[in-house]
Amino acid sequence: MPVVTDPLGVRRVVVVQRNDKKEVRRERVRDWRRSGGRMAENALALSQGWQSGHYAI
């Protein structure tokens, strides 16, 4: 469905959770490409020690 919603400017939500399902961060992102970029940036920050623990993005 991204093909239909992207031209309309629908926002996506990128959520970072710990493995115990506690939400750590929530961000709204405007398009599909940016949401992928933000997920990559969050993964990089977590891998470099942003916060310790086990996470799911």
Notebook entry, point to check: Taking only residues two or more places apart in sequence or in another chain, which ones pass side chain to side chain donor-acceptor pair (under 3.5 Å) with R26?
Noted result: E23
Next item on the list: Please report the C-alpha distance between L46 and V16 in whole Å, then the side-chain angles of each, then the deciding distance to 0.1 Å, and finally whether the side-chain contact (heavy atoms from CB on, under 4.5 Å) criterion is met.
Entry: CA-CA 10 Å; L46 287 170; V16 178; 4.1 Å; yes
Next item on the list: Just jot down the side chain to side chain donor-acceptor pair (under 3.5 Å) partners of R25, sequence neighbours excluded, or say none.
Entry: E27, N42
Item checked: Validation row: V13, V29 side chains within 4.5 angstrom (heavy atoms) -> no
Check: Can you name the side-chain contact (heavy atoms from CB on, under 4.5 Å) partners of K22, sequence neighbours left out?
Finding: R18, D20
